[in-house]
Amino acid sequence: MKKNWLLLSVIFAVMFVLAACNNDGKDAAKTGDGNKEKSTQKETETNKEDTAKFPMDITNEGDAIKGGTLKVALVTDTPFKGVFIPELSDDAYDSTILDYAKNEIFELDGDFLVKDTGIAKLEVDKDNKKAKITIQGDVKWSDGKPLTAEDLIYPYEIIGHPDYDGKRYDDDFQNIIGAKEYHDGEAKTISGIKKIDEKSIEITFKKVSPAIYSVGDGLWGYAAPKHQLESIPVKDALIASDAVRKNPVTLGAFKIDKIVNGESVQLVANEHYFKGKPKLDKVVIEVVPSSSIGEALKTGKYDIAEHYPTNQYDSIKDLSNISIVSRPELSYSYVGFKVGKYDKANRMNIFDEKSKMNDVNLRRAIGYAMDIESVTEKFYQGLRVRANSLIPPVFASYYDGTLEGYHYDPEKAKELLDKAGYKDVDGDGIREGKDGKKFTIRLAAMSGSDTDEAIAEYYRQNWKEVGLNVELTTGRLIEFNSFYDKVEADDPEIDMYMAAWKTGTNPSPSGLYGEGAEFNLSRFVSAELTEMLEDIDSEKSMDPDHRAKAFRTWQEYMSKTATTMPMYFRTELFPVNKRVKNYNVDYANPTELQTIELTADAPLK
């Protein structure tokens, strides 16, 4: 995973950025109200599993013990990176760990809009394109130091710094007055950010759109402990520092106590937490391979499994010691086609008209050839459905349920390939390229659960049946971190890739598809696309009808160009041991970490 939207996150009240999804089965997102999905996808695929039967919350009887340790399984077949500040973190696993200690300053409601119950209060002056952020009350960091206005400004100085190498410096961030001048070394401060007093700052933007209420338009949803970080150079040193890797100072309900690199994190109750010290003593998060999570839950080794692979639902559905809660994810899986490069020096995506995959009929044929409907039924038991859009249905006001997307239609795929000039010249059943020479498409896909290879092979067979030779990049599935390293680096051995985005709570797609968005991994840009993205987050879009229309226009355009093709919408499962007294994953009313209680000294078996 990875941004702007980033994301991604779990259990937490909310996360404002976008993260590359985990590879749960493999890709990995959040409704305030699952029932709000009124704009259900037209002719939604038939679910084998009735997801409506899963509750969003559970309550277990019994008196709560005093304190205790919550044991959390982080289900992944790869070590977590361990980058524990949101300004630099960009994958879902680190984000999930950070949820327990997050530096988030805003809280969102069930519609993912900022409310006044968080650490900070947001006031927007639309006419003057300004936002005032005010710390509410006496909030302290986990080391006891007070949270100040300087800590609200410092994350902007990290992201905007000329030496910043992360992915948050994008078109959205440059909406802040003076951000670009600061980043380019032409100014020593960001002129549009001013300290009002010890608890308040003011930010001036080039424009203000509805996105600001979902922590968009360049607004950042986190504080950074300046007293700990300011002496560490941003260039290379910050991401490698102990302040980021070993002993981060945080604002969340728990604070990091011990870290075993890539394997586990122990957190203890933060006595300075602004909502009060948690009822639990500790939280221990351990990496658990997908192959063993079912048995681990059965034997009572964990209380909660984060990033539980939905394709392994069968292994836990009958366990008597756990309950399963679920919710629609703020994410989607997709196929991306490489049609350009990222110019890191100028932080800009460059579309290449001559790129191998720059043929819309080829891309559309690849989509029509994929039997996604059968994969959702056979491998995911209906816990995923074929996606028709790059906006998850959770965002009911913006999701376009009328889009057809790419239904399985191999005959249509063949017609498109014929039309595009990909024909079987030598009669071996495999199509040659437009030049009559051998044509091979290289696919990057993530490893993970036991079924991932089978799914990848199934799709390869689908493509072969319409005459396309698709080979795996590196010859095998690629481990999660290596996968994203290669895709982000525009590895020339990748023509297309299968991944997922966790959108976070701001549905604006500019951070994933903008010209300056490093997360724009297909590297597709066009004047029309830029205009559509700007319209979504324009002042005109303060009119809800205008914005909804702008979202639909963009979805139709992306479906038509097919440089990023949606595959699945997903249901997120949380297996919870029955010693956890109450647990709620409803976006509108999630369990707050400081309130969690246990009814026994160890997870039930």
Side-chain angles (χ1 to χ4, degrees), residues 3-19 29-41 56-57 99 102 104-124 126 131 133 136 172 208-222 325-332 389-401 501-512 536-552 554-555 569-572 584-592:
K3 165 170 174 160
N4 149 41
W5 304 28
L6 171 108
L7 211 203
L8 306 266
S9 33
V10 180
I11 255 311
F12 60 144
V14 184
M15 191 155 178
F16 306 113
V17 265
L18 175 107
K30 158 178 176 165
T31 185
D33 180 353
N35 296 325
K36 283 183 179 176
E37 290 187 54
K38 59 185 180 184
S39 53
T40 51
Q41 179 181 347
M56 284 193 177
D57 68 297
D99 287 340
K102 59 183 177 283
E104 210 166 66
I105 58 173
F106 299 122
E107 289 187 351
L108 306 188
D109 63 17
D111 292 320
F112 313 117
L113 302 175
V114 176
K115 56 184 182 178
D116 291 341
T117 55
I119 286 174
K121 180 179 180 180
L122 174 68
E123 297 170 270
V124 178
K126 293 183 290 186
I133 304 167
Q136 306 191 98
D172 233 19
V208 168
S209 79
I212 198 167
Y213 300 105
S214 300
V215 200
D217 280 347
L219 187 69
W220 187 242
Y222 304 86
V325 292
S326 79
R327 63 186 178 190
E329 291 192 48
L330 296 180
S331 67
Y332 54 86
S389 166
L390 299 177
I391 296 294
V394 170
F395 298 103
S397 297
Y398 306 129
Y399 165 69
D400 187 348
W501 282 123
K502 198 161 186 172
T503 67
T505 52
N506 176 12
S508 171
S510 63
L512 288 179
I536 287 173
D537 292 334
S538 68
E539 293 177 13
K540 286 183 178 177
S541 281
M542 283 294 185
D543 174 354
D545 292 338
H546 180 94
R547 196 173 197 226
K549 183 179 179 182
F551 265 103
R552 282 170 170 74
W554 175 78
Q555 289 169 82
F569 291 136
R570 309 121 69 84
T571 298
E572 187 172 23
N584 190 333
V585 296
D586 187 339
Y587 294 116
N589 185 35
T591 293
E592 296 194 352

Inset, instruction - Just do the side chain to side chain contact (heavy atoms under 4.5 Å, CB included) check on Ile105 and Tyr222 with the steps written out, would you? - result: CA-CA 5 Å; Ile105 58 173; Tyr222 304 86; 5.8 Å; no
Inset, instruction - Go through the steps to decide whether Met542 and Val208 satisfy the test side chain to side chain contact (heavy atoms under 4.5 Å, CB included), and finish with yes or no. - result: CA-CA 9 Å; Met542 283 294 185; Val208 168; 3.6 Å; yes
Legend entry - Steps toward side chain to side chain contact (heavy atoms under 4.5 Å, CB included) verdict (Val114, Asp109): CA-CA 6 Å; Val114 176; Asp109 63 17; over 6 Å; no
Inset, instruction - Carefully, step by step, assess Ile536 and Ser510 under the rule side chain to side chain contact (heavy atoms under 4.5 Å, CB included). - result: CA-CA 9 Å; Ile536 287 173; Ser510 63; over 6 Å; no
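To the nearest 0.5 angstrom, Glu539 atom CD is 10.5 Å from Lys126 atom NZ. For the atom pair Lys102 NZ and Ile119 CD1, the distance stands at 9.0 Å (nearest 0.5 Å).
Between Phe395 and Phe112, the ring center distance clears the sub-6.0 Å criterion.
Residues passing the side chain to side chain donor-acceptor pair (under 3.5 Å) test with Glu592 are Lys275, Gln594, sequence neighbours excluded. Not counting sequence neighbours, the partners of Ala131 by the side chain to side chain contact (heavy atoms under 4.5 Å, CB included) test are Leu122, Phe205, Ile212. With sequence neighbours left out, the side chain to side chain contact (heavy atoms under 4.5 Å, CB included) criterion links Gln136 to Lys121. Scored by the side chain to side chain contact (heavy atoms under 4.5 Å, CB included) test, Lys549 finds Thr553 as partners (sequence neighbours excluded).
Side-chain contact check for Pro507 versus Phe551: some heavy-atom pair is nearer than 4.5 Å. The closest side-chain heavy-atom distance from Ser541 to Pro210 is below 4.5 Å. Within the 4.5 Å cutoff, side-chain heavy atoms of Pro392 are placed close to those of Thr503. The shortest distance between side-chain heavy atoms of Glu572 and Lys502 falls below 4.5 Å. The side-chain heavy atoms of Leu219 and Ile133, taken from C-beta on, include a pair separated by under 4.5 Å. Residues Tyr332 and Ile391 fail the side-chain proximity criterion, which asks for heavy atoms closer than 4.5 Å.
Of the N and O atoms on the side chains of Ser389 and Asp400, not one donor lies less than 3.5 Å from an acceptor on the other residue. Side-chain contact check for Arg552 and Tyr399: no donor-acceptor pair (N or O, by modelled atom type) lies under 3.5 Å. Arg570 and Ser331 share a donor-acceptor pair across their side chains, judged by distance under 3.5 Å alone.
Judged purely by atom type and a 3.5 angstrom limit, Gln555 uses its side chain to pair as donor or acceptor with the backbone of Tyr398.
Smallest separation of non-hydrogen atoms from Glu107 and Gly118: CG-CA, 3.6 Å. Across all their heavy atoms, Thr505 and Ser214 have their closest contact at O-CB, 4.0 Å. Of all non-hydrogen atoms in Ser209 and Asp217, the two that sit nearest each other are N-OD2, 2.6 Å. When all heavy atoms of Met56 and Ser326 are compared, the closest pair comes out as CG-O, 3.4 Å.
Screening Asn584, Val585, Thr591 for a side chain to side chain contact (heavy atoms under 4.5 Å, CB included) with Val325, the sole residue that qualifies is Val585. Considering Thr117, Val215, Leu113 in turn, Val215 is the only one that fulfils the side chain to side chain contact (heavy atoms under 4.5 Å, CB included) rule with Leu108.
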